[in-house]
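Note: hydrogens, waters and symmetry copies are ignored here, and every other heavy atom, side chains too, is used.
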Amino acid sequence: MSHQANPRGTFLEIADAVKAQIEANESMTELPTAAEIVREYGVSRGLALRVFQVLEKQGVAERVPGGRFRVIRQGEYMDRRPLAERLVEVIVDDRLAVGEAFPSTSKLCERFGVSRPTVTKALDKMQTAGLLSEGKQGKQRTVLALPDCKESAKP
């Protein structure tokens with residue numbers, strides 16, 4: 001009789017090991033890639049993908065469109081709405097009036113913890129919706145209109 005390890009449950013053991021890595025390393029913000037799990041644990045890609053499913057189901061990580069899985073820390077709240085929706089609220093939260101300057105791309109990257117291209121796409125959506133002026137090199141965007149849904153709630 002063979003003494004090979006039973007593959008059933010292996011993905012759970014690997015998920016526990018990855019979870020332990022996350023707990024031990026506060027600066028860990030992304031899960032390892034599937035290729036890294038395959039290489040480190042000597043398992044198939046399919047099994048590595050099951051590890052991600054387990055960690056996502058346990059609330060330890062979340063899928064990031066076009067990227068790796070992001071680590072979710074205990075007690076961490078993450079606004080999962082599209083960035084364009086959250087940027088619309090900047091107009092209300094910062095009490096911006098029509099004609100006022102909208103925060104720069106750099107400040108928005110810092111404020112929302114996202115990349116410059118991500119902010120630029122969201123700003124373009126706001127421009128298309130008629131809320132912001134066109135962004136050009138050296139020229140700051142301005143507010144063209146107030147959002148309908150929040151306008152009446154604004155004091």
Taking the side chain as C-beta and beyond, is there a heavy-atom pair between [X] and [Y] under 4.5 Å?
X	Y	value
Leu12	Val54	yes
Val43	Phe11	no
Val88	Met126	yes

- Item | Any donor-acceptor N/O pair, Glu62 side chain to Val71 backbone, under 3.5 Å | no
- Between Thr142 (side chain) and Gly99 (backbone), is there a donor-acceptor pair under 3.5 Å? no
For residues [X] and [Y]: do they belong to one hydrophobic cluster (side chain heavy atoms under 4.5 Å, members Ile, Leu, Val, Met, Phe, Trp, Tyr)?
X	Y	value
Leu87	Leu144	no
Leu47	Val60	yes
Val143	Leu83	yes

- With sequence neighbours left out, what residues match Tyr41 under ring-ring contact (aromatic ring centres under 6.0 Å, His included)?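 None.
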- Message: Tell me whether the count of non-hydrogen atoms from other residues, nucleotides or ligands lying under 6.0 Å of CZ in Arg111 goes above 12.
- Response: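 Yes, enclosed.
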- Task: Verify the neighbour count for atom CD of Gln58: are there more than 12 heavy atoms of other residues, nucleotides or ligands below 6.0 Å?
- Result: yes
- Without hydrogens or angle criteria, can the side chains of Ser104 and Arg141 be said to hold a donor-acceptor pair below 3.5 Å? no
- Atom pair CG (Leu96) and CG (Leu146), whose distance is rounded to the nearest 0.5 Å: 9.0 Å
- Could Arg63 and Glu56 be called an ion pair, given the rule that one side-chain N must be under 4.0 Å from one carboxylate O? yes
- Do NZ/NE/NH1/NH2 and the carboxylate oxygens of Arg68 and Glu36 come within less than 4.0 Å? yes
